[in-house]
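Working notes for the structure below.
On a predicted model such as this, the values are computed, not experimentally measured, just so you know.
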Amino acid sequence: VQLQASGGGLVQAGGSLRLSCAASGRTFSGGAMGWFRQAPGKEREFVAAITWTGGTAYYADSVKGRFTISRDNAQNTLYLQMNSLKPEDTAVYYCAFRRTLTGITTLRYDYWGQGTQVTVSS
């Protein structure tokens, strides 16, 4: 499984960005995909996840109401729409895939993408 994240960049506080994660290498018929982020000097943390088949979404409290996770099953692509961005959202964002739904909000994912930098200026 290969995951390729893109869409990061520099944006002012209050602005928006849309991240994409293209998945390849297998047929995705279950499991879940998620977005995680890691700020300088901090541990990697869960941001959002979505079940691949049912589309049930989960969010960290810090992004609820501002971020929306979605997926395009036909294109094997995961998205993260980020609105009302804050300087504290600055981090490298990673997408990941896991085969099962247990622990969907943890870091225990099976495959990881390379990350894309998001910088929010104040």
Side-chain angles (χ1 to χ4, degrees):
V1 175
Q2 293 82 43
L3 303 174
Q4 181 74 37
S6 62
L10 173 64
V11 63
Q12 288 187 333
S16 299
L17 280 175
R18 188 193 197 202
L19 305 184
S20 299
C21 176
S24 62
R26 59 154 284 169
T27 299
F28 292 85
S29 59
M33 291 193 72
W35 287 100
F36 299 80
R37 66 187 182 187
Q38 187 166 18
K42 295 188 177 181
E43 295 185 350
R44 191 171 298 188
E45 65 177 2
F46 167 78
V47 174
I50 189 167
T51 61
W52 196 252
T53 302
T56 302
Y58 302 81
Y59 296 95
D61 289 342
S62 59
V63 306
K64 277 181 183 176
R66 300 188 298 122
F67 291 10
T68 302
I69 189 171
S70 62
R71 85 271 188 256
D72 183 330
N73 294 54
Q75 298 295 324
N76 275 357
T77 303
L78 177 73
Y79 301 100
L80 184 68
Q81 178 66 44
M82 305 186 294
N83 299 328
S84 302
L85 282 162
K86 305 175 181 179
E88 51 263 44
D89 294 319
T90 296
V92 177
Y93 283 71
Y94 299 89
C95 58
F97 171 77
R98 62 174 293 135
R99 301 184 190 92
T100 65
L101 302 184
T102 303
I104 194 173
T105 62
T106 71
L107 297 179
R108 295 192 301 270
Y109 277 60
D110 301 300
Y111 302 96
W112 291 83
Q114 86 292 356
T116 185
Q117 176 71 46
V118 172
T119 302
V120 184
S121 63
S122 57

Please confirm whether R44 makes a cation-pi placement over W112, using NZ or CZ under 6.0 Å from the six-membered ring centre and within 45° of the ring normal. yes
Between D61 and K64, does at least one N-O distance fall below 4.0 Å, as a salt bridge requires? yes
What I want to find out is whether R99 reaches D110 closely enough, with some N-O distance under 4.0 Å, to be called a salt bridge. yes
Please evaluate residues F97 and L78 with respect to the criterion side chain to side chain contact (heavy atoms under 4.5 Å, CB included), reporting the C-alpha separation (whole Å), side-chain torsions for both, the decisive distance (0.1 Å), and the verdict. CA-CA 10 Å; F97 171 77; L78 177 73; over 6 Å; no
Quick one: pull up OG1 in T90 and CG in L85 and give me the separation to the nearest 0.5 Å. 8.5 Å
What side-chain hydrogen bond (donor to acceptor under 3.5 Å, both in side chains) pairs are there with at least one residue in residues 8-23, not counting sequence neighbours? S16-N83
Between Y109 and F36, does a ring pair (Phe, Tyr, Trp, His ring centres under 6.0 Å) hold up when you go through it step by step? CA-CA 10 Å; Y109 277 60; F36 299 80; 4.9 Å; yes
Hey, is the main chain of [Y] close enough, under 3.5 Å, to the side chain of [X] for a donor-acceptor pair?
X	Y	value
T106	R108	yes
Y59	I69	yes
R71	Q75	no
T116	G8	yes
R66	S84	yes
T77	D72	no

Contact between [X] and [Y] at the side-chain level, heavy atoms closer than 4.5 Å - yes or no?
X	Y	answer
R37	V92	no
L80	T68	no
V120	E88	no

